[in-house]
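These notes concern the structure reproduced below.
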Amino acid sequence: MPELPEVETIVRGLQAVLPGKRIMGVRLGITDFIEDPSALEEQLPGRRISSVRRYGKFLVFDLDSLSGDSRRLALLIHLGMTGQLLTCKPEAPIAAHTHAYFALDDGSEMRYRDIRRFGSIRILAEGAPSGVLSPLGPLGLDPLEATEEEFRAGINGRHARIKALLLDQRVLRGMGNIYTDESLWHAKIHPTRLGAKLSARELHGLYVAMRRVLSQAIRFRGSSISDYVDSKGTPGKFQQRHCVYGRKGKKCPRCAAMIRRETVAGRSSYFCPKCQRAPKKTRKARRKH
DNA sequence: CTTACGGCCTGGGTGC
DNA sequence: TGCACCCAGGCCGTAA
């Protein structure tokens with residue numbers, strides 16, 4: 001499940017090798033997850049990759065034109081749940097579920113592999129950085145770049161559950177299920193607490209916890225739960241440092257209580273029932289029972 | 001307007 | 001061996 005730290009790890013790996021290289025050709029397999037396959041085949045060859053960036057969970061490849069067409073383009077890739085981007089030699093064995101091949105002018109190749117095909121690949125015309133929109137609208141703050149004031153403003157006054165807010169890409173771009181649960185555990189906040197009901201102290205703790213968890217996950221090159229590998233095919237190591245995610249029934253590293261798993265905001269949520277106190281039930285919610 | 005929720009996409013893992 | 005079922009994340013339609 002590539003979230004911010006995994007995408008960042010891949011971006012750093014690609015940024016080290018791709019800039020300055022030219023895309024010579026594009027070959028596609030199954031294309032039902034690609035918005036406009038022929039646009040990739042027609043518009044990418046000949047372009048030079050000037051930089052590789054992360055925008056939320058998107059990878060952005062900025063492309064220069066070397067010929068008369070001076071229009072700047074960007075290639076936008078979202079890895080969905082099981083997407084992988086790998087660089088290799090063209091003669092390297094082809095793993096099952098590889099759906100896109102980008103031939104580069106140094107004789108190497110970048111491949112997109114995606115078992116579930118929940119990812120997406122598309123071309124973005126001009127004005128890439130701020131022009132990256134999710135289908136729902138503009139993306140929110142970068143969790144590592146946002147100031148504490150900006151973060152607080154994004155959560156304050158919202159009556160949704162904090163878990164839903166952290167996962168909402170229009171509030172914060174790049175958070176996913178793993179790092180949301182880990183951040184909430186570090187901040188000792190129950191996932192069903194309402195954003196509006198968090199104290200200033202709790203919001204401060206959450207901001208600090210989120211930044212710490214994300215930076216440490218990047219340092220450990222991401223979490224490999226199922227399919228995630230970096231651009232060289234190497235798994236991450238942060239899954240060994242998870243405190244709650246995927247640890248249902250195991251002991252909370254802080255208080256030894258048993259970690260629980262419940263669905264919150266439509267997602268599996270792992271938390272410690274002792275360290276992360278559930279909010280008091282409202283009169284309305286209690287009446288139902 | 002905001003929020004909650006169920007369904008959909010796909011295929012690997014599990015358990016019978 | 002086969003097969004039904006669950007689950008994952010993002011998005012979308014619908015309802016309150």
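Letters A, B, ... mirror the listed sequences (proteins, then strands); counts begin at 1.
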Practice item. Measure from NZ or CZ of A:Arg27 to the centre of the six-membered ring of A:Tyr101 and say whether it is under 6.0 Å with the direction within 45° of the ring axis. Key: yes

Do the side chains of A:Asp181 and A:Lys163 get close enough for a salt bridge, i.e. N-O under 4.0 angstrom?
yes

- Task: Would you indicate, yes or no, if B:dG12 has its OP1 or OP2 atom less than 4.0 angstrom from a side-chain nitrogen or oxygen of A:His97?
- Result: yes

Side-chain contact check for A:Arg116: nearest option of C:dG9, C:dC7, B:dG11 is B:dG11

**Prompt:** Between B:dG11 and A:Arg117, is there an OP1 or OP2 to side-chain N/O distance shorter than 4.0 Å?
**Reply:** yes

To the nearest angstrom, the CG-P distance between A:Leu166 and B:dT3 comes to 13 Å

Closest to the side chain of A:Arg161, out of B:dT10, B:dC5, C:dG10, is B:dC5

Quiz item: Do the side-chain N or O atoms of A:Ser268 get closer than 4.0 angstrom to the phosphate oxygens (OP1, OP2) of C:dA8?
Solution: yes

**Prompt:** Relative to the ring of A:Phe58, is the ring of A:His78 parallel (under 30°), tilted (30 to 60°) or perpendicular (over 60°)?
**Reply:** perpendicular

Whole-Å distance, A:Lys163 NZ to C:dG9 C1', equals 11 Å

**OP:** Decide whether a cation-pi geometry holds between A:Arg247 and A:Trp185; the criteria are a distance under 6.0 Å from NZ or CZ to the six-membered ring centre and an angle within 45° of the ring axis.
**Re:** no

Charged N to carboxylate O below 4.0 Å: is that the case for A:Arg47 and A:Asp64?
no

| query | Is there aromatic stacking of A:Phe118 against C:dA8, centre distance under 5.5 Å, plane angle under 30°? | reply | no

Here the distance between atom P of B:dC9 and atom CD1 of A:Ile34, to the nearest Å, is 19 Å

In whole angstroms, the gap separating C1' of B:dT10 from CE of A:Met81 amounts to 8 Å

Of the listed C:dG9, C:dA8, B:dT3, the closest approach to the A:Lys57 side chain comes from C:dG9

message = Under 4.0 Å, counting only non-hydrogen atoms across every strand here, what does A:Arg267 touch: a base, just sugar-phosphate, or nothing?
response = base

When rounded to whole Å, the CD1 to C1' distance for the pair A:Ile225 and C:dG9 reads 14 Å

Rounded to whole Å, CE of A:Met175 lies from P of C:dG10 at a distance of 12 Å

* **Distance below 4.0 Å between A:Arg158 side-chain N/O and B:dT3 OP1 or OP2** => yes

In whole angstroms, the gap separating C1' of C:dA8 from OH of A:Tyr179 amounts to 15 Å

